[in-house]
Trainee: 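Quick one: the structure is below, questions incoming.
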Amino acid sequence: MDYFQILCAIGAVLLAIYYYYTSTYDHWKNRGIPGPKPRVFVGNFYDILTGRMSIGDKMKQLYNEYKDEPVFGIFEGRSPGLVINDLNLIQDVLVRDFATFVDRGFPIFPKAEPLGEHLFALEPERWRPLRAKLSPIFTSGKLKDIFPLIVECAGNLERYLDRMAKGNDPVECRDMAAKFTTDVIGSCAFGISMEALSNEESEFRKMGRLVFAPCLRLTIKEICKQFTPFLYNQIGRVLQPKGVDQFLEDVVRDTMKYREENNITRPDFINTLIELKNNPDKLENVELTNSLLAAQAFVFFAAGFETSSTTMAHALYELAQHQDVQDKLRQEIRETYQSNDGRLTYQALKDMKYLNKVFKETLRKYPVIPVLTRVASEKYTFKGTKITVEKGLKIWIPIYGIQKDPNIYPDPDNFDPERFDDVAEATRHPMTFLSFGNGPRNCIGGRFAHYQSKIGIITIIRNYKVDLCEETLIPYKSEPRLFVLTPKDGIYLKITNCQT
């Protein structure tokens, strides 16, 4: 075979690869649905895969470009996906026709990710029974029972703040908040003292940092998962954060064993896992392996500390820029303590209306999960339209774009808690605020996140003042290498004591 034949063979192979990756790119054009032009191999995800933009920022950019359309088409690699802008169609997907859109569409790789089979990602068959068994952990009664444990962790946060306030160095608030929420998760879910606030060498905090640390390995992992899933299933284990899986598996196993041997019962997450393990017949068609149990603990640990700590940091970031809001919030906090004999009670927290407005406005402006995804389990035609999607097609809901839309929230970059006045909220479509999702597959720990985040904010603002400093990054930039909406390089603020 001469060189010409070799070149022809190479050319044929490249042409075949090119055809394979571009053969789907007329999908939306043929259906009369608008959308951005895809690039070969990467579709519309070039900026995300190259680290130029976070997925939240990219989807917000596309939403702004096509927000006058009810839907628009995109390509994830060569796979078509449909982004829904119309709020009524979103409500159909998340609520009214939920039975058709139960699946989030996240691939599961048991071999590569032993702790990846968790409630957030599970397919409908296992999600339904597990959700039903885990939901009782987050009832109002259970949350009321663990409320004193969160307040106790807040006492540790206050001592930590006192040390920080005595120094002149800026405080990285996301890390500080993560130490607090790690301690809360340890106490309320595992019955373990994680000592993240009191011990800089806390193993739990180290593991938490590894899970969400942006790095080259994480980038390679996500690209591999997306474009070469077969290869990822073989080599993905080496791309996981080193030591995290085994550490958490050991913690869950040892904690469960200790409780059973010593007949210890607590109204928490671990106790629920023990009950599931001892009564596997209650979960139809679910093989209850040790890895599956540990995976549920993993997602509660990881999501529980990360989402709340990031929200706390975002709230402090805005309060530092809006001292009038900070002062008004501090006044409400102090008045609440004064009317409750210097204590914070479960009911008092629920009654703090301005705090709730600040919390919701923070999540409106910085939804930790900026995009929701669902997959059609059967062929489906959207109501009132001629738009039909085939079974298996992924649906995208651009939360970040919707919650920053000036037609829904005027002057959306301004931080204005009064957007969540009762009257103002009542005038908006229920799908305009999706920071905890909506419908049967909304965030299972949403109410828990409310309480731990708010108690953390109360503890900081009650007796301490947060201010901007030279290290504060303005304007805000999100970390492009993470799926969750996270501040790039952290949030640095100055914290001073203001007890008088």
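Residue numbers start at 1 and run along the sequence shown.
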Trainee: Between Lys142 and Asp145, does at least one N-O distance fall below 4.0 Å, as a salt bridge requires?
Mentor: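 Asp145 and Lys142: not salt-bridged.
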Trainee: Just wondering, more than 12 heavy atoms not from Lys477 lying within 6.0 Å of its NZ?
Mentor: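 Incorrect, the count does not exceed 12.
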Trainee: If only side-chain N and O atoms count, and only distance matters, is there a donor-acceptor pair under 3.5 Å linking Asp57 with Gln61?
Mentor: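 Absent: no donor and acceptor within the cut-off.
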Trainee: Can we say Asp183 and Lys179 salt-bridge, meaning some charged N sits less than 4.0 Å from an Asp/Glu carboxylate O?
Mentor: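 Judged by the 4.0 Å cut-off on N to carboxylate O distance, Asp183 and Lys179 do not form a salt bridge.
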Trainee: Regarding Arg419 and the six-membered ring of Tyr409, is the cationic atom NZ or CZ under 6.0 Å from the ring centre and inside 45° of its axis?
Mentor: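 No - Arg419 does not lie over the ring of Tyr409 by the 6.0 Å and 45° rule.
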Trainee: Taking the six-membered ring for Trp, are Tyr46 and Phe41 closer than 6.0 Å centroid to centroid?
Mentor: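 Tyr46 vs Phe41: aromatic centres not under 6.0 Å.
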Trainee: Charged N to carboxylate O under 4.0 angstrom, Arg174 versus Glu479?
Mentor: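 The answer is no: the pair does not qualify as a salt bridge.
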Trainee: Go through the steps to decide whether Arg266 and Phe269 satisfy the test side-chain contact (heavy atoms from CB on, under 4.5 Å), and finish with yes or no.
Mentor: CA-CA 9 Å; Arg266 295 177 85 252; Phe269 195 81; over 6 Å; no
Trainee: Of Phe359, Phe415, Tyr476, which meets ring pair (Phe, Tyr, Trp, His ring centres under 6.0 Å) against Tyr366?
Mentor: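 Answer to the ring pair (Phe, Tyr, Trp, His ring centres under 6.0 Å) test with Tyr366 among Phe359, Phe415, Tyr476: Tyr476.
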Trainee: Strictly under 6.0 Å, is that where the ring centroids of Trp396 and Tyr66 end up?
Mentor: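 Not close enough - the centres of the two rings lie 6.0 Å or further apart.
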Trainee: Does either side chain, that of Ser23 or that of Arg78, offer a donor lying less than 3.5 Å from an acceptor on the other one?
Mentor: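 Yes, side-chain donor-acceptor contact under 3.5 Å.
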Trainee: Do Arg441 and Phe98 meet the cation-pi criteria used here (NZ or CZ under 6.0 Å from the six-membered ring centre, within 45° of the axis)?
Mentor: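 No, a cation-pi geometry is absent between Arg441 and Phe98.
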Trainee: Between Ser435 and Leu363, is there a donor-acceptor pair closer than 3.5 Å when you use the side chain of the first and the backbone of the second?
Mentor: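 Yes: the side chain of Ser435 pairs with the backbone of Leu363.
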Trainee: With no hydrogens and no angle check, do the side chains of Lys454 and Asn356 hold a donor and an acceptor under 3.5 Å apart?
Mentor: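 Asn356 and Lys454 do have a side-chain donor-acceptor pair below 3.5 Å.
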Trainee: Using the side-chain contact (heavy atoms from CB on, under 4.5 Å) rule, take Thr381 and Lys386 through it: C-alpha gap first, then chi angles, then the decisive distance, then the call.
Mentor: CA-CA 7 Å; Thr381 300; Lys386 295 181 180 179; over 6 Å; no
Trainee: Between the side chains of Asp405 and Tyr63, is a donor N or O closer than 3.5 angstrom to an acceptor N or O?
Mentor: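 Asp405 vs Tyr63: donor-acceptor pair found between side chains.
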Trainee: So, for Phe448 and Phe300, is the gap between ring centers shorter than 6.0 Å?
Mentor: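 Distance test on ring centres: under 6.0 Å, yes.
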Trainee: Please say whether more than 12 non-hydrogen atoms of neighbouring residues, nucleotides or ligands are located less than 6.0 Å from NZ in Lys133.
Mentor: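 No, the 6.0 Å shell around NZ holds no more than 12 heavy atoms from other groups.
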Trainee: Step by step, would you call Met59 with Ile55 a side-chain contact (heavy atoms from CB on, under 4.5 Å)?
Mentor: CA-CA 6 Å; Met59 294 303 290; Ile55 189 167; 4.1 Å; yes
